[in-house]
Amino acid sequence: MKVILLENVKRIGSVGEVIDVKRGFARNFLIANKKALYASKENIKEVEKIKADLSKKDNERKQEAAKIAEQINNKEYSVQKLSTENNELYGSVKPTEISKLIQEENKIEIKPSMIQPVEEIKSLGKFKVKISLHSEVDAEVVVKVTSADTIQ
């Protein structure tokens with residue numbers, strides 16, 4: 001299915017590009033999140049007219065993402081979890097929890113879908129977490145997991 005991108009999408013394409021993607025990806029992600037339009041002749045003409053405006057908006061988002069990245073990049077966030085004697089957690093630290101930590105500490109709203117742990121956080125220690133703020137801007141934070149209590 002052919003669609004026209006309305007914003008830069010990582011590993012997919014850039015603003016105004018007509019790309020061929022699977023129907024489900026187009027309908028359920030790109031079009032649903034207003035990142036693309038169906039590639040009809042009318043839509044192609046419309047996008048050509050507003051391409052400069054779309055690029056400007058994308059640059060604004062990129063600058064905003066860069067500011068957020070400066071504030072949170074390489075910061076360490078601590079979370080306490082119940083753990084076993086083997087330093088394993090009961091459950092794991094999820095992106096929603098990391099999102100709440102950043103919200104509480106820095107007053108910056110990060111969607112859980114932007115957070116990509118390098119590995120699953122299922123034990124005590126320090127873990128690097130990548131945050132994709134924009135298709136071209138990433139930040140990296142460290143999540144330090146400490147024991148709240150040991151259950152035997």
Side-chain angles (χ1 to χ4, degrees), residues 1-79 81-83 88-145:
M1 167 180 257
K2 292 200 181 294
V3 294
I4 314 159
L5 292 175
L6 298 175
E7 62 182 68
N8 291 336
V9 181
K10 202 177 223 170
R11 295 190 299 266
I12 304 294
S14 56
V15 176
E17 240 180 275
V18 177
I19 57 168
D20 204 9
V21 293
K22 293 192 176 188
R23 188 176 303 273
F25 181 63
R27 197 174 35 239
N28 298 330
F29 178 71
L30 294 175
I31 294 170
N33 292 320
K34 295 180 176 46
K35 293 180 184 280
L37 288 172
Y38 291 108
S40 65
K41 288 180 182 171
E42 299 84 37
N43 283 346
I44 291 173
K45 288 178 186 171
E46 193 69 32
V47 169
E48 288 300 322
K49 290 179 190 171
I50 60 172
K51 195 173 185 179
D53 188 41
L54 290 172
S55 293
K56 185 179 169 187
K57 282 182 183 175
D58 192 60
N59 277 338
E60 287 172 8
R61 279 195 213 108
K62 184 178 173 184
Q63 288 173 349
E64 205 173 290
K67 286 179 188 173
I68 292 171
E70 275 181 31
Q71 290 177 331
I72 66 172
N73 205 19
N74 297 321
K75 273 205 164 180
E76 188 174 291
Y77 296 94
S78 294
V79 63
K81 291 291 226 173
L82 293 175
S83 63
E88 292 175 2
L89 300 179
Y90 289 105
S92 62
V93 179
K94 304 268 188 253
T96 49
E97 291 178 76
I98 298 169
S99 173
K100 285 178 186 171
L101 281 172
I102 296 170
Q103 173 74 34
E104 288 169 7
E105 219 169 288
N106 293 85
K107 306 290 186 259
I108 297 171
E109 193 171 324
I110 304 282
K111 293 179 185 164
S113 59
M114 298 171 147
I115 298 171
Q116 300 144 0
V118 176
E119 58 187 290
E120 268 195 284
I121 303 175
K122 290 188 166 189
S123 62
L124 299 178
K126 290 184 178 183
F127 299 88
K128 286 192 176 190
V129 177
K130 186 175 151 196
I131 301 174
S132 183
L133 298 165
H134 182 270
S135 62
E136 299 170 20
V137 180
D138 290 335
E140 201 172 82
V141 296
V142 175
V143 175
K144 182 181 177 185
V145 184

Indicate yes or no for a side-chain donor-acceptor contact from [X] to the backbone of [Y] under 3.5 Å, with no hydrogens or angles considered.
X	Y	answer
K107	E104	yes
N73	A69	no
N43	A39	no
S99	I110	yes

Over all heavy atoms of both residues, which pair between [X] and [Y] is shortest? Give the atoms and the distance, please.
X	Y	answer
V9	S135	C-CB, 4.2 Å
I108	I102	O-CG2, 3.8 Å
V21	L30	CG2-CD1, 4.1 Å
L89	K81	CD2-CB, 3.6 Å
L124	S83	CD1-OG, 3.9 Å
S78	L101	O-CD2, 3.6 Å

Just how far is it from atom [atom1] of [X] to atom [atom2] of [Y], taken to the nearest 0.5 Å?
X	Y	atom1	atom2	answer
S92	E119	OG	CD	12.0 Å
E140	I72	CD	CD1	11.0 Å
D58	D53	CG	CG	11.5 Å
H134	E60	NE2	CD	11.0 Å
M114	I98	CE	CD1	14.0 Å

With the side chain counted from C-beta on, respond yes when [X] and [Y] share a heavy-atom pair under 4.5 Å apart, and no when they do not.
X	Y	answer
L6	K35	no
I121	V129	yes
K75	N106	yes
L5	V15	no
N8	S14	yes
M1	F25	no

**OP:** Output, in order, the C-alpha distance, side-chain angles, deciding distance and verdict of side-chain contact (heavy atoms from CB on, under 4.5 Å) for N74 and V142.
**Re:** CA-CA 6 Å; N74 297 321; V142 175; over 6 Å; no
Original post:
What residues form a side chain to side chain contact (heavy atoms under 4.5 Å, CB included) with S132, not counting sequence neighbours?
Top reply: K10, Q116, D138
Subject >> For K94, salt bridge (Lys or Arg N to Asp or Glu O under 4.0 Å) partners two or more places apart >> reply: none
Subject >> All salt bridge (Lys or Arg N to Asp or Glu O under 4.0 Å) counterparts of E76, not counting sequence neighbours >> reply: K126
Subject >> Heavy atoms from other residues, nucleotides or ligands near CD of E105 exceed 12 (cutoff 6.0 Å) >> reply: yes
**OP:** Count the heavy atoms belonging to other residues, nucleotides or ligands that lie under 6.0 Å from CD of Q103, then report whether that count exceeds 12.
**Re:** yes
